[in-house]
There are 2 protein chains.
Amino acid sequence: MDALGDPTRRAIFELLTREEHAVGELATQFPISRPAVSQHLRVLVDAGLLTVRRDGARRLYAADPAGIALLKASVERFWRDALVAFKDVAEHPPAQQSPAEQPPEEEA
Amino acid sequence: MDALGDPTRRAIFELLTREEHAVGELATQFPISRPAVSQHLRVLVDAGLLTVRRDGARRLYAADPAGIALLKASVERFWRDALVAFKDVAEHPPAQQSPAEQPPEEEA
DNA sequence: ACTTACCGTAAGTGAAGACTCACCAAGCAG
DNA sequence: CTGCTTGGTGAGTCTTCACTTACGGTAAGT
């Protein structure tokens, strides 16, 4: 989850969830150099969020379903553990219909 | 969402979702100084995740339901936008992988 | 009023990391 | 083989940020 902390890395990852891309392709779509893209990819691969496939001299990167599943699990664990007291509130956003906002009581 | 990037800040936030705390109380429960806690709280308040309440000379901080709802909305938006192609996979955990599970480790 | 407790802010330090350029390895075409 | 393309790695720079100490400002107790 720390791997998605960087905005550029999130954008790269998002692109790769749609279709696989080579490093050079990614580098042209971002205002950073190719080595920088490579380093971001390395982080994402180490985090288990990407898979690499070799196509001649090129490397095709794509999102890894397994890593994504783990990511979702960890996000939901955080949601369950950290936000127990706000589960109801988080379920129906107050900006939407029927804002039954009821701040839970906390005792000192 | 960037406000929860720091582990210490996540821990502080998690504590405040359970019950409100004064700055000094928080400082005793973490291996950092009181000003450091104050700075973390500032970030969380600026992010709209915390509310402040004055009690004499003390400041009681607590999680903000509205901010939490927005956070959850943004997380779910990311999930929907970025991971469309993996919705099914993310729904059920990766017990085992497809036959395409073969580590291409031919690098020298 | 003085004293003590609680807290925010300013200034400075140190580590983490995102980025660049330069170099080198691997694959394909001639 | 040479030449071109693709891409990973190392070294170095620079920015960001979490942290500290020092200080100022407000509230409650005496």
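In what follows, chains carry the letters A, B, and so on, assigned in the order in which the sequence lines appear, proteins first and then strands, with residues in each chain numbered from 1. If you're wondering where the values come from, they're calculated on a predicted model, not measured in any experiment.
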In terms of side-chain heavy atoms of [X], which of [options] is nearest?
X: B/S33; options: C/dA18, D/dT21, C/dT20; value: D/dT21
X: A/R54; options: C/dC19, C/dA26, D/dT20; value: C/dA26
X: A/R59; options: D/dC19, D/dG7, D/dA22; value: D/dG7
X: A/A57; options: D/dT9, C/dG8, C/dG27; value: C/dG27
X: A/A22; options: D/dT9, D/dG7, C/dG8; value: D/dG7
X: A/I32; options: C/dA26, C/dT9, C/dC19; value: C/dC19
X: A/D6; options: C/dA18, C/dT20, D/dA22; value: C/dA18

* **A/E14 vs A/R10, salt bridge (charged side-chain N to carboxylate O under 4.0 Å, His left out): CA-CA, chis, key distance, verdict** => CA-CA 6 Å; A/E14 205 164 325; A/R10 263 199 304 270; over 6 Å; no
* Is the distance from OP1 or OP2 of C/dG8 to the nearest side-chain N or O of B/Y61 less than 4.0 Å? ->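 It does, given that an N or O in the side chain of B/Y61 lies less than 4.0 Å from OP1 or OP2 of C/dG8.
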* Can you tell me if the side-chain N/O atoms of B/S38 get under 4.0 Å from OP1 or OP2 in C/dC7? -> no
* **A/R58 vs A/E20, salt bridge (charged side-chain N to carboxylate O under 4.0 Å, His left out): CA-CA, chis, key distance, verdict** => CA-CA 12 Å; A/R58 310 199 315 162; A/E20 66 181 1; over 6 Å; no
Grab the [atom1]-[atom2] distance between [X] and [N] for me, whole Å please.
X: A/D46; N: D/dG8; atom1: CG; atom2: C1'; result: 13 Å
X: A/L26; N: C/dC19; atom1: CG; atom2: P; result: 13 Å
X: A/D2; N: C/dA16; atom1: CG; atom2: P; result: 13 Å
X: A/I12; N: C/dA18; atom1: CD1; atom2: P; result: 11 Å
X: A/R53; N: C/dG27; atom1: CZ; atom2: C1'; result: 16 Å
X: B/Q39; N: C/dT13; atom1: CD; atom2: C1'; result: 13 Å
X: B/L41; N: D/dC19; atom1: CG; atom2: C1'; result: 15 Å
X: B/L60; N: C/dC6; atom1: CG; atom2: C1'; result: 12 Å

* Asked: Do B/R34 and C/dG8 have a side chain to base donor-acceptor pair shorter than 3.5 Å?
  ->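 By the distance-only test, yes, there is a pair.
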* **Base C/dG8 paired with B/R42 side chain (donor-acceptor, <3.5 Å)** =>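 It does not, because no donor-acceptor pair links the side chain of B/R42 to the base of C/dG8 below 3.5 Å.
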* Asked: Can you tell me if A/R9 uses its side chain to pair, donor with acceptor, with the backbone of A/A3 under 3.5 Å?
  -> yes
* Most 5' of A/R9 and A/D55 on DNA chain C, judged by nearest nucleotide ->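 Here A/R9 is the residue nearer the 5' end.
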* Of B/V52 and A/H40, whose closest DNA chain C nucleotide lies nearer the 5' terminus? ->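 Nearer the 5' end of the strand: B/V52.
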* Residues that B/R42 engages under salt bridge (Lys or Arg N to Asp or Glu O under 4.0 Å), provided they are two or more places apart ->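 Scan of B/R42 (salt bridge (Lys or Arg N to Asp or Glu O under 4.0 Å), adjacent residues dropped) gives B/D46.
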* Asked: Looking at CG of B/L71 and CD of B/E76, how far apart are the two atoms once the value is rounded to the nearest 0.5 Å?
  ->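 It comes to 10.0 Å.
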* B/F13 versus B/V43: any side-chain heavy-atom pair under 4.5 Å? ->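 No - every pair of side-chain heavy atoms lies 4.5 Å or more apart.
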* Using the closest heavy atom to pick a nucleotide of DNA chain D for each, name whichever of B/G56 or A/E25 lands nearer the 5' end. => A/E25
